[in-house]
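What follows is a set of notes on a single structure, which appears directly below.
Each chain gets a letter, A, B and so on, in the order its sequence line appears, and its residues count up from 1. All values below were derived from every heavy atom in this structure, side-chain atoms included, with hydrogens, water molecules and symmetry-related copies excluded.
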2 protein chains.
Amino acid sequence: MSDPAAFLAKHGVRPSYPRLKILEYLAGTKEHPSAEMIHRDLVLSLPTLSRTTVYNTLRLFAAVGIARELRIDETEARFDADMRPHGHFRCRACGRVFDFPLTPGIEQPALPEGFKLERAELSCEGLCPACATSSLPLP
Amino acid sequence: MSDPAAFLAKHGVRPSYPRLKILEYLAGTKEHPSAEMIHRDLVLSLPTLSRTTVYNTLRLFAAVGIARELRIDETEARFDADMRPHGHFRCRACGRVFDFPLTPGIEQPALPEGFKLERAELSCEGLCPACATSSLPLP
DNA sequence: GTATCTGCAAAACATTTGCAATTCT
DNA sequence: AGAATTGCAAATGTTTTGCAGATAC
C-alpha cells in the first residue's frame with residue numbers, strides 16, 4: 001500500500017485519520033482481525049478511537065470493495081483487505097484464520113440458470129499444522 | 001427419513017419428543033431455517049417447546065453429524081439436515097437460501113501440507129432468479 | 001434412583017442506532 | 001455555513017448459561 005490516502009480517495013472514501021489507520025492496520029496484517037481486535041490494537045496509539053467508528057469504517061470498506069467481511073468465526077465477523085480470490089481456513093483450536101490458494105474454477109461456481117452471483121466464499125475449518133501436532137488437549 | 005427415532009438412536013441421540021419434531025421439521029424443509037424459524041413453526045403444535053431446547057438440539061445435531069450449521073446469514077445461524085456435499089446461495093433481496101451442486105473437487109480443497117480439514121463450506125450471495133427479474137426496488 | 005432433558009429467566013456478547021459534538025471543505 | 005464524520009450511551013437481537021422441575025431408563 002504505497003499511498004493509503006489516495007487508495008481511499010480512489011474508492012470514493014474521504015481519507016480521515018481513523019479510516020487511514022484502520023486501512024493501514026488491515027492491509028498490514030494477515031491475522032484476519034475482528035472489529036474488536038482492530039479497536040484493541042489501534043486505541044493504544046489513537047485513544048479517542050471508538051468501537052462505533054471501527055464498525056462504521058469496516059462496513060464502509062466492505063461496501064466499496066476495499067475489504068471483505070468473513071463469516072468464518074462463530075461469534076464475530078473477521079475482515080480481510082486482500083481482495084484477490086483465495087480461500088480461508090480457521091483452526092478450531094487456536095482460532096487463527098489462514099489463507100490458501102483456490103483451485104481455478106472455485107471462485108466462479110457453476111450456479112443454476114438465473115442466479116446473479118455477487119460474492120463467493122470458501123470457508124474451511126479443522127486443525128492448523130501447529131495445533132494438529134500439539135500434544136495439548138484440544139477443545 | 002423412514003424412522004426418525006431410529007435415525008437419532010443410530011447417532012447416539014436419545015429420541016425425545018422435541019428432538020423428533022425438530023428432526024422431522026429440519027428433514028422436511030428446504031428453507032435452511034434458523035433456530036427462531038424452527039421454534040416459531042413448531043411451537044404452534046408443541047406449545048411448551050422452548051427456544052433453549054431448539055438451540056440445544058441444533059447444537060447437538062451439528063455435533064453428532066445429523067445437521068450442519070450454515071454461517072451464510074449475517075444475523076442468525078441457519079441449519080441444514082442434508083449432509084451430502086453441496087453449496088449454498090443466499091439471495092440478498094429475499095433472504096432465501098438455495099442449494100446448488102458442487103463441481104467435483106470443491107468439497108476437498110487443496111490445503112497446504114499439515115492442515116487437517118474437518119469441514120468445508122462454499123457460500124455464495126447475490127440475487128435469486130425471482131429477485132433478479134423483479135421490478136421492485138432492491139435492498 | 002440416577003442421569004438426562006427441558007424450559008424459564010437472566011446474562012453475555014457482537015453489532016447497530018440515536019443523537020450531539022466535532023471536523024473537514 | 002453545510003455536509004460528513006466521530007463517539008458516547010443505549011438499544012437490539014441472537015445465543016448461552018444457571019438452575020429448578022420434569023422425564024426417561
Side-chain angles (χ1 to χ4, degrees), chain A residues 4-6 8-9 11-23 25 32-64 66-79 90 95 97 139, chain B residues 4-6 8-9 11-23 25 32-64 66-79 90 95 97 139:
Chain A
L8 286 180
H11 285 84
V13 173
R14 193 189 288 182
S16 74
Y17 193 68
R19 287 172 179 171
L20 279 172
K21 300 311 272 185
I22 293 171
L23 173 61
Y25 182 91
H32 310 81
S34 66
E36 175 61 31
M37 299 175 202
I38 297 171
H39 181 259
R40 176 163 39 73
D41 285 356
L42 286 183
V43 81
L44 298 175
S45 55
L46 185 52
T48 63
L49 181 68
S50 73
R51 246 170 282 264
T52 306
T53 296
V54 176
Y55 279 109
N56 285 344
T57 301
L58 291 171
R59 184 159 20 138
L60 176 64
F61 283 3
V64 302
I66 289 177
R68 55 177 145 169
E69 182 183 328
L70 310 180
R71 309 217 185 105
I72 202 173
D73 194 300
E74 286 151 13
T75 56
E76 55 189 359
R78 315 261 309 230
F79 293 86
R90 178 175 176 278
V97 175
Chain B
L8 286 180
H11 286 84
V13 172
R14 193 185 291 181
S16 73
Y17 193 68
R19 287 171 178 171
L20 279 172
K21 300 312 272 184
I22 293 170
L23 173 61
Y25 182 92
H32 310 81
S34 66
E36 174 61 31
M37 298 176 202
I38 296 172
H39 181 260
R40 176 164 37 73
D41 285 357
L42 286 183
V43 81
L44 297 176
S45 55
L46 185 52
T48 64
L49 181 67
S50 73
R51 245 169 283 265
T52 305
T53 296
V54 177
Y55 279 110
N56 286 344
T57 302
L58 291 171
R59 183 155 25 132
L60 176 64
F61 284 2
V64 301
I66 289 177
R68 54 177 146 170
E69 180 184 329
L70 310 180
R71 309 217 184 105
I72 201 172
D73 194 298
E74 286 151 12
T75 56
E76 56 189 357
R78 316 263 306 232
F79 294 86
R90 179 175 175 278
V97 175

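Taking atom CG on L8(A) and atom P on dT5(D), their separation rounds to 11 Å, with Å as the unit.
Across E74(A), E76(A), E69(A), a single residue satisfies salt bridge (charged side-chain N to carboxylate O under 4.0 Å, His left out) together with R71(B), and that is E74(A).
Between V97(A) and D73(A), the closest side-chain pair of non-hydrogen atoms is not below 4.5 Å. At least one side-chain heavy atom of T48(B) sits under 4.5 Å from a side-chain heavy atom of L46(B). Put simply, the side chain of N56(A) does not reach to within 4.5 Å of the side chain of L60(A), judged on heavy atoms. Put simply, the side chain of I38(B) does not reach to within 4.5 Å of the side chain of T57(B), judged on heavy atoms.
Overall bending of the helix from dG1(C)-dC25(D) to dT25(C)-dA1(D), expressed as the angle between end axes built from five pairs apiece, is 30° (10° steps).
Remark: T52(A) pairs with no residue by the side-chain hydrogen bond (donor to acceptor under 3.5 Å, both in side chains) rule, at least two apart or across chains.
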> Could you run down nucleotides 12-25 of chain D 5' to 3' and tag each one B, S or - for protein heavy-atom contact under 4.0 Å?
Replying inline: --SBBB--------

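Along DNA chain C, the stretch of nucleotides lying under 4.0 Å from any heavy atom of chain A spans, 5' to 3', dA14(C) to dT17(C).
Residue R59(B) holds its CZ atom at 9.5 Å from CZ of F79(B), rounded to the nearest 0.5 Å. In this structure, CD in E36(A) is found 10.0 Å from CG in D41(A), a value given to the nearest 0.5 Å.
For residues 32-52 of chain B, the set of pairs meeting the ring-ring contact (aromatic ring centres under 6.0 Å, His included) definition, not counting sequence neighbours, comprises H32(B)-H88(B).
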Under 3.5 Å, side-chain donor or acceptor atoms of residues 11-22 of chain A against the rest of the protein: list the pairs with distances, not counting sequence neighbours.
residue: H11(A); atom: ND1; partner: F7(A); partner atom: O; Å: 3.0
residue: S16(A); atom: OG; partner: R19(A); partner atom: N; Å: 3.4
residue: R19(A); atom: NH1; partner: R14(A); partner atom: O; Å: 3.0

